[in-house]
Amino acid sequence: MVKMHWSLDMLPLPPYVELGVHSLCGLLWTLAFLFLWHCYRIGSDLPMAGHAHGGKISSRRSAMSLGGSCAGTKYKSQSKLFRGEQKNRFISMETEEDEELGQGYLAPVLSHSLFPAQASAQAKKLYSALQEYAKRYSWVGMGRIHKGLRKQIKLNEHSAIQKPHLFFLPDVPSVPFFPRDAHRHDIEVLEANYTVILAEFQAVYQRGIDSKLGWTMGAKGQAVFPLYSAGVYVTANCRACPWTYRTLLSLRTFISSNSLGSAGFWLLGPGAALGSSYGPTNTRLRCHLGLQTPPLCELVVGGEPQCWSEGHCLLIDDSFLHTAAHKGPPDAGPRVILSVDVWHPNVAAAERQALDFMFSPDV
């Protein structure tokens, strides 16, 4: 008698199991095909190393894909070569023609001559500084600054009410007077130290108003005792007012690292007036802490009048047309404020860092 040995492998598969195996294999093949098609489409977007349109990359998508990791083997060597050349090439942003095609100015592209040729020497100098900053750090967050530099040649076309003469940052909401909440912390710090700051001013004032004693003389009835001038602290004056100096350093938004920022005691005598003028940029605000404010002293910014108040701060955007006048009697004494330049609240941290670099006092 022959003995039969049975195993589970000898049993036929039920029809529904066999159908499931075929379905699973079909699904896997479908997924593999879709993956290969996806890689093919991504790879096909990569331009050849020498392909350009009008001297620049033909599309924003192509520019963003050049360093991508999802390219086929065919393009890997080209991508490495491109990245090697990129370090030595001129890095800039998109042209106005690109913007008209719907490509925003925030995406960096490669080109050799994008900055307007008719731009002023000052604008070209700032643009070179921005390029140097981008090489060291990044173009990320530099879109508004780049746009503003390219449109510097149109500053004279701004409305008569706001016309900064050095640099205008676009897309920044502005009003002549800002609410206290815009810089509540710094305003509260200044107002809390009002008594000591006033005492230090009175001490330097009683020594006499003389250029040899640290004062900067203006027109008749005008004088400034600077603590910071164009981003550089005045050593002797800061030593004469140590508490005020330490108070400035405790502020979160004080512009102390570039030539757009200054701080000091501003004196306006009876009968004196500051003529109509514009500040250099809309990236800053001026905070005025009233120290001595006789009657009939007025500040007009953008057509809106305000009066100073002792121990309280005003936040103004001096890129608007502004005037100041002391119409009090001769015995009223001078109007005195501590003026401190602070960042505009809508200037981002990355933009502040770039502007510090571009407007460095050493440049």
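Computed from a predicted model, the values in this text were never measured in an experiment. The figures that follow rest on heavy atoms only: side chains count, while hydrogens, waters and symmetry mates do not.
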Between R284 and D317, is the salt bridge (charged side-chain N to carboxylate O under 4.0 Å, His left out) condition met? List the steps.
CA-CA 7 Å; R284 75 177 192 190; D317 183 344; over 6 Å; no

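- Put simply, the side chain of R352 gets close to the backbone of V347: a donor and an acceptor are under 3.5 Å apart.
- The number of heavy atoms from other shown groups lying within 6.0 Å of OH (Y233) does not exceed 12.
- Under the 3.5 Å distance criterion, the side-chain polar atoms of E351 are matched with a main-chain donor or acceptor of A348.
- Note that CH2 of W139 is 9.5 Å distant from CD1 of I145, once rounded to the nearest 0.5 Å.
- In this structure a side-chain-to-backbone donor-acceptor pair under 3.5 Å is missing from S276 to T323.
- Residues V204 and C241 meet the side-chain proximity criterion, which asks for heavy atoms closer than 4.5 Å.
- Ion pairing between E310 and R335 fails under the 4.0 Å rule for side-chain N and carboxylate O.
- Using the six-membered ring where Trp is involved, Y137 and Y133 have ring planes that are tilted, between 30° and 60° apart.
- Take D181 and apply the salt bridge (Lys or Arg N to Asp or Glu O under 4.0 Å) test, not counting sequence neighbours, and it matches R184.
- Counting only residues at least two apart or in different chains, salt bridge (charged side-chain N to carboxylate O under 4.0 Å, His left out) contacts with residues 258-270 are absent.
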Do L251 and V340 pass the side chain to side chain contact (heavy atoms under 4.5 Å, CB included) test, and can you show the C-alpha distance, the side-chain angles, and the key distance before you say yes or no?
CA-CA 10 Å; L251 303 179; V340 183; 4.0 Å; yes

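- Annotation: side-chain hydrogen bond (donor to acceptor under 3.5 Å, both in side chains) contacts involving residues 285-298, sequence neighbours excluded, comprise R286-D341, H288-W308.
- For Q306 (side chain) and V300 (main-chain N/O), no donor-acceptor pair under 3.5 Å exists by modelled atom type.
- N346 places no side-chain N or O within donor-acceptor distance of the main-chain N or O of V172, the cut-off being under 3.5 Å.
- With hydrogens and angles disregarded, a donor-acceptor distance shorter than 3.5 Å links the side chain of H183 to the backbone of W343.
- Between the side chains of S360 and N258, no donor-acceptor pair of N or O atoms lies under 3.5 Å.
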Using the side chain to side chain contact (heavy atoms under 4.5 Å, CB included) rule, take L169 and T281 through it: C-alpha gap first, then chi angles, then the decisive distance, then the call.
CA-CA 8 Å; L169 186 66; T281 179; 5.9 Å; no

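- In this structure, S257 OG and L355 CG are separated by 12.0 Å, a value rounded to the nearest 0.5 Å.
- Between Y228 and Y245, the angle of the ring planes stays under 30°, which puts this pair in the parallel group of the 30/60° scheme.
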Could you go through the side chain to side chain contact (heavy atoms under 4.5 Å, CB included) check for T283 and F167 one step at a time?
CA-CA 8 Å; T283 61; F167 175 68; 4.0 Å; yes

Test side chain to side chain contact (heavy atoms under 4.5 Å, CB included) on H344 and S174; report intermediate values, then the result.
CA-CA 9 Å; H344 190 292; S174 294; 3.9 Å; yes

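- Side-chain N or O atoms of H322 include one that pairs as donor or acceptor with a backbone N or O of F320 at under 3.5 Å.
- With values rounded to the nearest 0.5 angstrom, L126 atom CG is found 4.5 Å from M358 atom CE.
- By the 4.5 Å heavy-atom criterion applied to side chains, S319 and Y278 are not counted as neighbours.
- Residues W215 and V224 have side chains not in contact (no heavy-atom distance under 4.5 Å, counting atoms from C-beta outward).
- The side-chain hydrogen bond (donor to acceptor under 3.5 Å, both in side chains) test with E200 singles out one residue from T247, T244, N193, and that residue is T244.
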